[in-house]
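In what follows, every heavy atom counts, from backbone to side chain, and hydrogens, waters and symmetry copies are set aside.
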Amino acid sequence: MSSNPQVADSVTHAPNSLLRRYVFSTDHKIIGLQYFFLALAAVTIGVILSLLMRFHLVWPAAHLPFIAGGIMTPEQYLALVTMHGTIMVFFVLTTAPQSAFGNYFLPLQIGAPDMAFPRLNMFSFWLTFLAFVVMLSAFFVPGGAPISGWTAYPPLSGLGEVTGPGEGIGQSLWVASILIFCVASLLGSINFLSTTIDMRAPGMTLTRMPLTVWAWFVTAILSLLAFSVLFAGGILLVLDRVAATSFFLPAGLVVSGEVQTHGGGSPLLWQHLFWFFGHPEVYIAILPGMGVVSHILANFSRKPVFGYRAMAFALCAIGFLGFLVWGHHMFVSGMNPYSGLTFSLLTVSIGVPSAVKTFHWLGTLWGAKIQFHSPMLFAIGFVSFFVTGGLSGIFLAQPAIDTELHATYYVVGHFHIVMGVAAIFGIFAATYYWFPKMFGRRMNESLGKFHFWLTFAGVYCIFMPMHFVGIAGGIRRYADATGATYLAALQPLHQFMTIAAFVTAAAQLIFFYNFFRSLKKGEAASANPWNATTLEWITASPPPSDNFGGRFPRVHRGPYEYSVPGATQDFLPQHLAPEALGSANKEPNNAN
Amino acid sequence: MSSVASRLKSRGTASPAFLLAVFLVILVAATVYVFVARLYPAPPPISRDAVLVDRQYDLTLWVAGAAFVLAQLGLAWAVFRYRDCGQQASHIRGNVALEILWTFVTLLAFVGLGILGRNAWAGARFTPSAPDAIQIEVTTNQFVYTFRYPGPDGKFGRLDPSLVSAPTGNPLGIDANDPAGKDDIVVSELTVPVNRPVELLLRSQDVVHNFFVRELRLQQDAVPGMLIPVNFTAERIGTYEIVCTQLCGLGHYKMNGLLHVVPQSDYAAFLKREALVQ
């Protein structure tokens, strides 16, 4: 194995102090794990909030834990809506797939010793952590958490507590948290881009990068462009709230009988800025999952990814088109109807690279030798969700149909399946797949499978009926079903979904048990337990602090050389020189 | 090292493959059943535009439904057929002809749907209101709809935000000095004659609200600072619910109103009666 002199110089040794090693660490692997555990805490809170909401929707008079006063008020319900959405989108779906797994595995997969800017990396994490603390603190201030949803449309979010409880300090903390998060994400994306561009091992050409790396790379571009716009929008919202500006606030507002002193602003401006971020954000959440799923499908199919170049190209196409479709969130907002038509055609076009991905995943499975380990099951579940959620999106992409389904539970079902649960399945797949590498131990397979079956079935039981509720006119963000007479007929479906939600949430305890037990007692893992080809598997599990023990790899082939005809083993690792292959075939373990 | 992987393999992969396939088949069957049996239908449409929306919806349902069934069953077939039975996986890197064909098929299907969907959207949004359309102003505030008819003069009176006062009976802030406002009719429920074009002018006093009547398949935000026109012609007599779908504050869930579609004669009587009350 030849080493790369450039990176060999920068080999670092693990710091000795506990604080520098595990808390203020600059090691991308530790930072990746910090992001992972932050996301784990966030998803736990997010799920509890959703269970409280689901319970309240079905049994509105019941006494609930964590709820001041015991019985949930409409403003408490909306605070849960807001915080559930915000925590899940920012601190789970943005944090886990990109910041956690990207941080840990991007340098390993391209053969680098660390990220390009390790201190910046540490700073990004601690900013994200601060943002999380600020966000949670909104629960504990007078008035409580904001009630304007994760989209925070002004004037509701721009005028202070006159528009409702939680719109005072709570909403201010919300904006502050989002601004901090934006800075962290911008710094993180710069780090990802520099690392991918500059620090690839010799021989790691763009078309030899694993699709995971492609996905993290495209996602970093999206983060850079999207979070900067959200940051700008957030600053304007803060100014409207505290400095009496009127970016989003028009003249003549009368709230609760009081005339407001703003004038000249446009509420639609915020919607444009927000969704210019908000739609790419969907892809920030899902693209890394697509990368992980392609990677895992190939590994456990023992086949190359079907149409590797098309897959990389589709990632780029989805990322690019993702910036041109934000208006489909605004068909009924009062935007020019001709713009609506344009956004509609661009939105249905994004179905093309999405369908390409699905086709290629099926193509990867075709003629395969499928090994059903837990990560593979979650990857297959991802494909099923992506198909379902993608196709339900074709309805919402058409403004005429959106006028019927907009703001109904149909939308909630759609985006939970396609960007929520699909992304979560990507995270689960990644966790089961890379756990042996990260912790040097293996998770229990039977528990993993059990977790998969309950979650896969449970998720469909929660979110498929949600589409039906929406088609029948069930409106989202309603604190109870008394607002319109026809809503009562939908309550049995809501009951079914609530029960499914509790069962599915309970099934996650299996995951937690398996995860934490395996940390201590799992079977010891070898360097390459899945017989995989990419560079993270050639180093020890867990990897040393400089990743490759001072011997940096040179790359000789593409990332998915499985079942190559004529080879004596069914995988050819990227780093093995062609001349070494003869002996490698006889002795697969020398990958270690 | 290969121990774990090979040990798991020897246990056989038939059961997860079979379970997955069965699960996906059940998913497809249940979903198809719900749609074919129309278990959770939208209410019948009451306007021509709403019928167009339903037609486009049905067309999309056929296309997306077929894709859903084929993709999920294809997945079920692949995981079952290609489970590890000790065979050699085929080393296929792709199939350019098939990939290009697939790209064009989806492009045609999805963009085609989008283009066909234009008609239903254009009918409701691009067509200017008919010359004989009845203009009615809809004002939203937390958490109430207020409707204003221009009265016999056909003109709405001037509004002044500083005059808004719901307790004294002037929720819209109509300026008493403007003669055009003297005959304005302000009511809390929307009444329109059947088969007559109506132009609603949506405005909001405080935050963003929404006006949604399911039977009209019509949903439109009311945005402060904007006056947004929407057109419809209701063709079926009856009373329909108006709901707010845009998160507008703690009373969002109970912000609603009623749309009465009445015979022409009843509409005339309604205007006469309200003119006397105002």
Side-chain angles (χ1 to χ4, degrees), chain A residues 74-75 149 153 155-156 164 250 252-255 259 267 302-304 306-307 310 332-334 337 344-345 348 351-352 355 359 362 365-372 387 391 394-395 398-401 403-404 406-407 468 471-473 475 477-480 483-484 526 529 531 563-565 589, chain B residues 1 4-5 13 16 27 40 42 53 56-57 60 64 67-68 71 74-75 78-79 82-84 87 89-94 99 102-103 106-107 110-111 114 117-118 120-121 125-126 161-162 164 205-208 214 217 219-221 223-226 228 241 243 245 247 249-250 253-254 256:
Chain A
E75 59 269 29
Y153 281 9
L156 182 58
L253 292 176
V254 184
V255 184
V259 180
R302 313 310 294 170
K303 271 190 69 198
F306 186 86
V332 302
S333 68
S344 163
L345 291 179
V348 288
V352 177
F359 182 69
L362 288 176
L365 292 173
W366 224 259
K369 178 187 177 185
I370 303 173
Q371 300 166 341
F372 292 94
V387 166
L391 289 170
I394 295 291
F395 292 80
Q398 303 176 50
I401 304 177
T403 47
E404 181 182 358
H406 187 84
F468 310 146
I471 291 166
I475 313 292
R477 294 164 160 175
Y478 272 18
D480 71 34
S526 61
N531 290 339
S563 302
V564 178
N589 281 339
Chain B
M1 171 216 62
V4 181
T13 57
L27 169 74
Y40 301 99
V53 169
Q56 182 64 19
Y57 172 88
T60 308
F68 174 79
L75 185 61
V79 294
Y82 300 110
R83 67 190 187 277
D84 183 356
Q87 79 273 27
S90 42
H91 185 77
I92 311 168
R93 293 171 172 282
E99 290 168 38
W102 174 253
T103 308
T106 53
L107 189 72
F110 293 157
V111 178
R118 179 195 174 279
W121 179 243
R125 305 289 171 137
F126 294 175
S162 65
V164 169
Q205 285 182 342
D206 45 27
V207 302
V208 183
R214 296 187 305 151
R217 311 284 188 266
Q219 189 169 172
Q220 176 59 55
D221 278 358
V223 183
M226 294 176 80
I228 301 171
E241 286 180 282
V243 290
T245 63
L247 180 51
L250 67 91
Y253 69 103
K254 57 182 179 190
N256 55 24

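Between the side chain of B/Ser90 and the backbone N or O of A/Gly367, at least one donor-acceptor pair lies under 3.5 Å. The main-chain N or O of A/Ala472 is found under 3.5 Å from a side-chain atom of B/Arg214 such that the two form a donor-acceptor pair.
A/Thr403 places a side-chain heavy atom less than 4.5 Å from the side chain of B/Trp121. Put simply, the side chain of B/Leu75 reaches to within 4.5 Å of the side chain of A/Leu362, judged on heavy atoms. Counting heavy atoms from C-beta on, the side chains of A/Phe372 and B/Val79 come closer than 4.5 Å. Residues A/Val332 and B/Asp221 form a side-chain contact, since some pair of their non-hydrogen atoms from C-beta on lies under 4.5 Å apart.
Here the closest heavy-atom approach between residue B/Phe110 and residue A/Ala355 is recorded as CE1-CB, 4.2 Å.
Between B/Tyr40 and A/Phe468, the ring planes lie parallel to each other; the angle is under 30°, not in the 30° to 60° tilted range.
Contacts between A/Leu365 and chain B at a heavy-atom distance below 4.5 Å involve backbone atoms as well as side-chain atoms. Residue contact with chain A, scored on non-hydrogen atoms closer than 4.5 Å, involves the side chain of B/Leu27 exclusively. Both the backbone and the side chain of A/Val348 come within less than 4.5 Å of a heavy atom in chain B. Only the side chain of A/Gln398 comes within contact range of chain B, with heavy atoms under 4.5 Å apart. Only the side chain of A/Tyr153 comes within less than 4.5 Å of a heavy atom of chain B; its backbone N, CA, C and O stay farther away. Contact of A/Pro155 with chain B is made through backbone and side chain together, with heavy-atom distances under 4.5 Å.
Every residue two or more places apart in sequence or in another chain that forms a side chain to side chain contact (heavy atoms under 4.5 Å, CB included) with A/Ala368 is listed here: A/Ser301, A/Lys303, A/Ile370, B/Tyr82.
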